[in-house]
Amino acid sequence: MIGGVSSIEYVLPLVAHIEKDEPPARTDALEAAARAVLVLLADVRSTDPEGEWHDVVEAWQGHRIRKVVRRARGGEWRRAGALPGITVAHRTAEVRVYPPIPLDGWPKDLAKLQVSGTDLDEPVAPRAADPGQPVLWLNPSLEMTAGKAMAQVGHGAHIAWMGLGSGARKEWAARGFDLAVRVADPAAWPALAGSGRPVVRDAGFTEIAPGSCTVVADVPWPTR
């Protein structure tokens, strides 16, 4: 520990269930990933100082809130489901989130999973978000694989959560972390990005340039 913060860097693993013959729709997978991050953050095992995940969640949030998305199918998904975590099902998608792990300490059954292969289609264009619904707006000028975008909207949900007071957090949790992920209209993006809403800027480890603004979180509650 250095200054009360762990010197070990942690990462949050997310595993998407992607069967070859029945993959989820892209937006469903993105929304499931964002909700999975929120579910883990709100879980008593994370929030209670005596909870089994509390210390690693705190250590993870003391550094960069890194998230890595991998895919699993068949027996891989079943083995991944046996490890401690939470599975979030959302329409056609299933995503399992795990408590943070050291960057170089992946469990065997997760370490063998592929990061590639998370390109997903959108069979039907998503409808407009409901009035008052939290929306995670994706930058329309960036091309990202579904796995990369899942991590980015997870960051967006996480940053919004960190800025909310306890009352707003409880309200969101009571609504089952209802949210929408949508690609912003190109004409509306500059105003969104400059609006003061929570913004995700990518570290540039994969796919896109460092500092790229990937997501704007538009939540109906005040954020700090």
Side-chain angles (χ1 to χ4, degrees), residues 9-20 23-38 40 60-61 63-73 76 80 88 90 92-98 100-106 110-123 125-126 135-162 179-186 188-190 192-194 197-218:
E9 186 169 359
Y10 287 81
V11 62
L12 187 80
L14 294 149
V15 174
H17 184 193
I18 303 179
E19 295 292 342
K20 187 177 296 185
R26 180 182 173 97
T27 293
D28 291 352
L30 268 59
E31 291 176 348
R35 290 177 62 196
V37 171
L38 294 167
L40 180 129
W60 167 56
Q61 293 190 114
H63 289 277
R64 294 175 295 218
I65 51 173
R66 293 188 66 175
K67 300 170 182 70
V68 172
V69 178
R70 300 192 174 194
R71 63 170 173 83
R73 60 172 63 106
E76 295 173 335
V88 170
H90 176 64
T92 62
E94 285 184 297
V95 173
R96 189 164 178 83
V97 62
Y98 303 85
I101 58 174
L103 196 57
D104 58 356
W106 285 72
L110 297 185
K112 65 177 66 172
L113 299 178
Q114 297 295 311
V115 177
S116 61
T118 55
D119 288 320
L120 299 173
D121 295 326
E122 198 77 86
V135 182
L136 302 173
W137 295 106
L138 287 162
N139 186 335
S141 69
L142 295 177
E143 291 190 11
M144 296 181 280
T145 63
K148 177 71 172 181
M150 288 166 72
Q152 296 303 301
V153 297
H155 295 331
H158 191 163
I159 292 170
W161 174 261
M162 291 169 68
L179 57 82
V181 174
R182 298 291 184 269
V183 178
D185 184 297
W189 177 253
L192 271 173
R197 293 176 173 86
V199 170
V200 178
R201 293 195 180 277
D202 191 61
F205 292 117
T206 59
E207 296 191 26
I208 56 178
S212 298
C213 180
T214 57
V215 175
V216 173
D218 187 2

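Keep in mind that what you see is a predicted model, and the values were worked out from it rather than measured. We use all heavy atoms of the structure for the numbers below, so side chains are in, but hydrogens, waters and symmetry mates are not.
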L136 and A217 have their tightest heavy-atom pair at CD2-CB, 3.7 Å

Side chain D121, main chain P123, donor-acceptor under 3.5 Å: no

Quick one about H90 and R35 (side-chain donor to acceptor, distance below 3.5 Å, no hydrogens or angles considered), yes or no? yes

Electrostatic pair E31:R26 at N-O distance under 4.0 angstrom: no

Under the 6.0 Å and 45° cation-pi test, does R197 pair with W137? no

At their closest point, which heavy atom of L138 faces which heavy atom of V153, and how far apart are they? CD2-CG1, 3.9 Å

Closest non-hydrogen atoms of P198 and I159, given as atom of the first, atom of the second and distance, are CB-CG2, 3.8 Å

Straight-line distance of T214 OG1 to E207 CD, nearest 0.5 Å: 11.5 Å

So how far is it from R71 CZ to M150 CE, rounded to the nearest 0.5 Å? 12.5 Å

Between F205 and R66, is there a cation-pi geometry (under 6.0 Å to ring centre, at most 45° from the normal)? yes

Ignoring hydrogens and angles, state whether a donor on the side chain of H63 or E9 is under 3.5 Å from an acceptor on the partner side chain. no

Heavy-atom closest pair, residues V199 and A193: CG2-O, 4.0 Å

Quick one: does E122's side chain have a donor or acceptor within less than 3.5 Å of a partner on T27's backbone? yes

So how far is it from R70 CZ to I18 CD1, rounded to the nearest 0.5 Å? 13.5 Å

Test D202 against K148 for salt bridge (Lys or Arg N to Asp or Glu O under 4.0 Å), laying out the working first. CA-CA 10 Å; D202 191 61; K148 177 71 172 181; 3.1 Å; yes

Are the side chains of V115 and V69 in touch, meaning some heavy atoms are under 4.5 Å apart? no

Quick one: pull up CG in L192 and CG in N139 and give me the separation to the nearest 0.5 Å. 10.0 Å

